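Below: the structure, in structure tokens.
From a predicted model like this one, the values you see are computed outputs, not experimental measurements. Worth knowing before you read on, the calculation uses all heavy atoms, side chains too, and leaves out hydrogens, waters and symmetry mates.
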Amino acid sequence: MPTYTAPAKDAQFVLHEVLDITNSGIPGYADLDREFTDAVLDAAGKVASEILAPLNAVGDTEGCHLENGVVRTPKGFKAAFEAVKEGGWNGLDLPEEYGGQGLPYLVGTAVGEFFVSGNMAFNMYQGLTHGAIGAILTHGTAEQKAAYVPKMLSLEWTGTMNLTEPHCGTDLGLMRTKAEPQADGSYRISGQKIFISAGEHDLAENIIHLVLAKAPGGGEGTKGISLFIVPKFLLNADGAPGARNAVACGKLEEKMGIHGNSTCVMNFDGATGFLIGDLHKGMRAMFTMMNEARLGVGLQGYAVAEAAYQNALAYARDRLQGRAVTGVENPSGPADPLIVHPDIRRNLMEQKSFIEGARAFTYWAAELIDRSHRLGDEAAEGLVSLMIPVLKGFQTDKGFEAAVNAQQVFGGHGYIEETGASQFVRDARIAMIYEGANGVQALDLVGRKIGQDGGKHAMAFFDLVKAFIKENEGDAALKAQFLDPLKTASKDLQAAAMFFAQAGLKNPNAALAGSYDFMHLFGHVCLGLMWARMARAAQAALAAGAADAGFYEAKLATGRFYMARQLPSTSLHLARILTGADPVMALGPDAF
Ligand SMILES: Cc1cc2nc3c(=O)[nH]c(=O)nc-3n(C[C@H](O)[C@H](O)[C@H](O)COP(=O)(O)OP(=O)(O)OC[C@H]3O[C@@H](n4cnc5c(N)ncnc54)[C@H](O)[C@@H]3O)c2cc1C
């Protein structure tokens with residue numbers, strides 16, 4: 001059975017030595033000293049490793065069951081949910097006036113990583129609720145906030161997001177779910193939503209569905225879409241759950257992974273809904289939630305990979321096969337452990353260098369979100385919006401790849417369910433698809449984000465990389481091993497952006513055919529930048545005589561691996577991008 005230990009030391013390294021959070025000037029960050037974050041991460045790590053992780057395989061094998069309209073979650077989920085509830089974990093970064101602890105989003109992100117690594121499917125019940133609370137806090141009336149947020153924050157009630165319909169996923173303009181205005185100001189919601197995560201379950205006394213639907217008079221396409229609150233149980237005058245609303249789970253989807261999370265077909269048969277935000281502005285309301293929602297999925301990419309990696313590493317140390325080519329390393333045993341073999345080491349280094357780079361990237365993005373919310377910093381908001389499709393698309397692709405690598409370390413045993421390696425692969429796969437499939441993230445990046453506000457945010461990113469290189473190039477070791485490769489990769493990124501700006505204007509297909517490569521090129525540059533920042537921090541710690549030199553030396557070696565072996569992928573991505581649309585579009589639809 002797989003195990004998980006929260007990497008609190010790595011998290012602390014990013015928070016304090018790379019991001020130097022207490023000196024960031026962001027309101028609320030000064031209180032996040034090492035002692036405080038240690039206590040939070042230690043407690044969260046215990047929940048993740050002792051309560052959530054042991055249920056991961058249980059959720060996978062048992063799955064959820066629909067019985068007479070009620071969805072039963074796997075054995076042990078209820079007790080674990082109670083523990084998360086009692087710990088107040090859902091309210092960690094939510095406003096104090098609704099019962100939360102008001103901590104920065106960055107803290108919630110670090111804790112979220114541990115919980116997802118422990119049990120991704122389980123954490124989605126809470127994660128979706130957190131997202132729904134965000135929508136109500138941003139767009140709800142004072143009455144709506146008071147009625148729903150405290151109960152959802154405490155996890156007595158949970159939340160969902162209902163966008164997808166059978167014929168409409170990416171293209172929400174095709175939506176058919178209808179909202180008819182009623183005399184009392186409410187709406188009658190009719191239609192069917194599919195693939196709704198946590199749509200029905202037995203963990204909470206009420207479920208608050210946020211539903212996109214078309215109300216009359218809004219026009220065609222996405223313009224006519226509005227957002228509605230549709231509670232499973234309508235609230236009585238005293239605010240307690242009362243009459244059952246006309247919304248029900250019609251079917252549970254059979255799926256590849258995250259079996260512990262219920263994925264539901266939801267039927268709305270004239271259900272009572274309440275408009276949230278402005279009429280016909282539902283898409284805009286959803287968009288304001290997008291950075292956090294997509295960061296949360298990008299986090300799933302590396303968090304699941306972390307759990308897979310830990311188990312692959314343990315296996316590589318334990319499993320005896322073959323002898324090291326340079327001489328026996330385990331003379332008392334019949335063979336050497338797998339970890340002596342260079343290809344296994346390559347495999348483990350690919351996983352480790354991705355995961356640690358992605359953690360730093362994700363925390364940095366979370367810090368930018370705090371900076372934009374707590375300081376009203378528009379430059380931070382612009383920068384993080386630019387990077388979010390990269391963070392989501394690149395990290396979930398690479399997270400899946402890392403999980404496959406972890407499975408490969410197990411050989412045939414990785415294909416057998418008993419080791420748990422297969423579950424990580426299956427669970428990681430969905431993060432590449434939901435919350436905007438990765439092809440659509442690439443489209444968003446190239447079609448919208450790089451040119452947004454006259455390309456100001458893309459320029460800000462390039463300037464930031466340049467400034468970091470300039471500031472540190474006096475350090476010869478850092479320059480040769482980290483800054484020079486980063487400069488080359490960043491030039492590839494700029495050349496690709498320039499190609500899109502010129503060729504894309506003449507033929508949009510020339511840009512879109514290279515959009516996926518661009519997302520990966522950009523992702524490598526972001527992780528390259530993070531590794532350069534981590535290397536600088538590790539060097540500083542070593543120069544200051546840090547007690548745990550091995551930890552920092554390992555950081556430097558892992559970073560060097562990334563810069564030498566992974567970052568050069570940018571030149572391949574650029575070469576592909578520069579071929580434009582022709583090779584991709586050469587065959588017409590009928591010629592395939
Ligand atoms: C387990 C699970 C949980 C989910 N949870 C939820 C949830 O809680 N709430 C919810 O509302 N939805 C949820 N979804 C739905 C999910 O968000 C959609 O499946 C996803 O957005 C893609 O939509 P689709 O499946 O209709 O694919 P399509 O939109 O049909 O896309 C198919 C493929 O075509 C590509 N594509 C589409 N349009 C373009 C384009 N213009 N250019 C280039 N490529 C394009 C896509 O990238 C994709 O690869 C969930 C799905 C699953 C499987």
Side-chain angles (χ1 to χ4, degrees), residues 90-95 97-100 102 105 108-109 112 123-165 172 175 177 179 186-187 189 193 195-199 204 206-215 218 222 224-232 235 245 247 264 266 268 271-297 299 366 369-370 372-373 381 384-385 388 392 434-436:
N90 193 42
L92 205 64
D93 55 1
L94 291 171
E97 62 178 304
Y98 297 104
Y105 174 68
T109 302
N123 195 60
M124 286 171 67
Y125 293 101
Q126 180 196 330
L128 265 300
T129 307
H130 200 278
I133 292 172
I136 298 173
L137 284 176
T138 314
H139 302 287
T141 61
E143 291 74 26
Q144 286 171 333
K145 290 179 202 175
Y148 298 105
V149 173
K151 294 282 188 187
M152 292 170 77
L153 188 149
S154 65
L155 291 178
E156 285 161 271
W157 303 349
T158 60
T160 67
M161 296 286 188
N162 292 248
L163 290 77
T164 309
E165 298 180 9
L172 290 170
M175 190 170 288
T177 298
S186 69
Y187 287 77
I189 312 289
K193 297 286 180 182
F195 302 164
I196 303 309
S197 300
N206 204 358
I207 301 176
I208 311 304
H209 302 288
L210 291 188
V211 184
L212 285 181
K214 282 194 166 174
T222 54
I225 293 174
S226 306
L227 183 61
F228 298 90
I229 295 178
V230 183
K232 174 178 166 184
L235 307 192
N245 204 352
V247 48
C264 305
M266 298 302 298
F268 296 85
T272 302
F274 307 97
L275 181 71
I276 168 166
D278 295 332
L279 189 64
H280 304 138
K281 297 281 190 281
M283 287 303 288
R284 195 187 291 171
M286 274 288 158
F287 267 110
T288 59
M289 305 304 306
M290 209 161 267
N291 283 347
E292 280 95 328
R294 293 188 168 171
L295 184 142
V297 177
L299 178 150
I369 289 177
D370 276 330
S372 81
H373 288 170
E381 158 70 20
V384 80
S385 305
I388 281 293
K392 194 278 181 185
Y434 59 21
E435 199 50 52

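- A donor-acceptor pair is defined here as one N or O able to donate and one able to accept, closer than 3.5 Å; no such pair exists between the side chain of Asn245 and the backbone of Ala271.
- Glu97 places none of its side-chain heavy atoms less than 4.5 Å from the side chain of Lys145.
- Atom CD1 of Ile208 sits about 6.0 Å away from atom CG of Leu235, to the nearest 0.5 Å.
- Looking only at distances, a side-chain donor or acceptor of Lys193 sits under 3.5 Å from a matching main-chain atom of Leu163.
- Side-chain atoms of Val149 and Leu94, non-hydrogen and from C-beta on, never get closer than 4.5 Å to each other.
- Among residues two or more places apart in sequence or in another chain, the side chain to side chain contact (heavy atoms under 4.5 Å, CB included) test is passed with Leu128 by Met124, Met161, Ser197.
- Minimum interatomic distance between Ala179 and Ile189 (heavy atoms only, all atoms of both residues): CB-CD1, 3.7 Å.
- Distance check: Thr138 OG1 to Met289 CE gives 5.0 Å after rounding to the nearest 0.5 Å.
- Side-chain contact between Tyr125 and Leu155 is absent, with no heavy-atom pair separated by less than 4.5 Å.
- For the atom pair Asp93 CG and Ile369 CD1, the distance stands at 11.0 Å (nearest 0.5 Å).
- With hydrogens and angles ignored, the 3.5 Å screen pairs a side-chain donor or acceptor of Glu165 with a backbone N or O of Thr177.
- Between the Asn90 side chain and the Ser154 main chain, no donor and acceptor come within less than 3.5 Å of each other.
- Here the shortest heavy-atom pairing between Ser385 and Asn291 reads OG-ND2, 3.5 Å.
- Glu292 CD to Thr109 OG1: the interatomic distance, rounded to the nearest 0.5 Å, is 8.5 Å.
- The two atoms that bring Val297 and Lys392 nearest to each other are CG1-CE, 3.7 Å, heavy atoms only.
- Leu295 approaches Tyr105 most closely through the heavy-atom pair CD2-OH, 3.3 Å.
- Remark: side-chain polar atoms of Gln144 are paired, donor with acceptor, to backbone N or O of Thr141 under 3.5 angstrom.
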message: Go through it in stages, so that I can follow the logic: the residues are Leu212 and Met283, the test is side-chain contact (heavy atoms from CB on, under 4.5 Å), and I'd like the CA-CA distance, side-chain angles, deciding distance and then a yes or no.
response: CA-CA 8 Å; Leu212 285 181; Met283 287 303 288; 4.0 Å; yes
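- Between the CE atom of Met152 and the CD1 atom of Ile136 there is a distance of 4.0 Å, given to the nearest 0.5 Å.
- Every side chain to side chain donor-acceptor pair (under 3.5 Å) that Lys151 has, sequence neighbours left out, goes to Glu156.
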task: Could you go through the side-chain contact (heavy atoms from CB on, under 4.5 Å) check for Leu210 and Ile229 one step at a time?
output: CA-CA 5 Å; Leu210 291 188; Ile229 295 178; 3.7 Å; yes
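- Interatomic distance, CD1 of Ile276 versus OG of Ser226, reported as 11.5 Å (0.5 Å rounding).
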task: Go through the steps for Ile225 and Lys214 under the test side-chain contact (heavy atoms from CB on, under 4.5 Å), then give the verdict.
output: CA-CA 5 Å; Ile225 293 174; Lys214 282 194 166 174; 4.1 Å; yes
message: Leu279 vs Tyr187, test: side-chain contact (heavy atoms from CB on, under 4.5 Å). Steps then yes/no.
response: CA-CA 11 Å; Leu279 189 64; Tyr187 287 77; 3.5 Å; yes
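- Taking all atoms of both residues into account, the shortest heavy-atom contact from Thr272 to Phe274 is CG2-CZ, 3.7 Å.
- Taking the side chain as every heavy atom from C-beta outward, Ile133 and Tyr98 never approach each other to under 4.5 Å.
- Considering all non-hydrogen atoms of both residues, His209 and Thr160 come closest at ND1-OG1, 2.8 Å.
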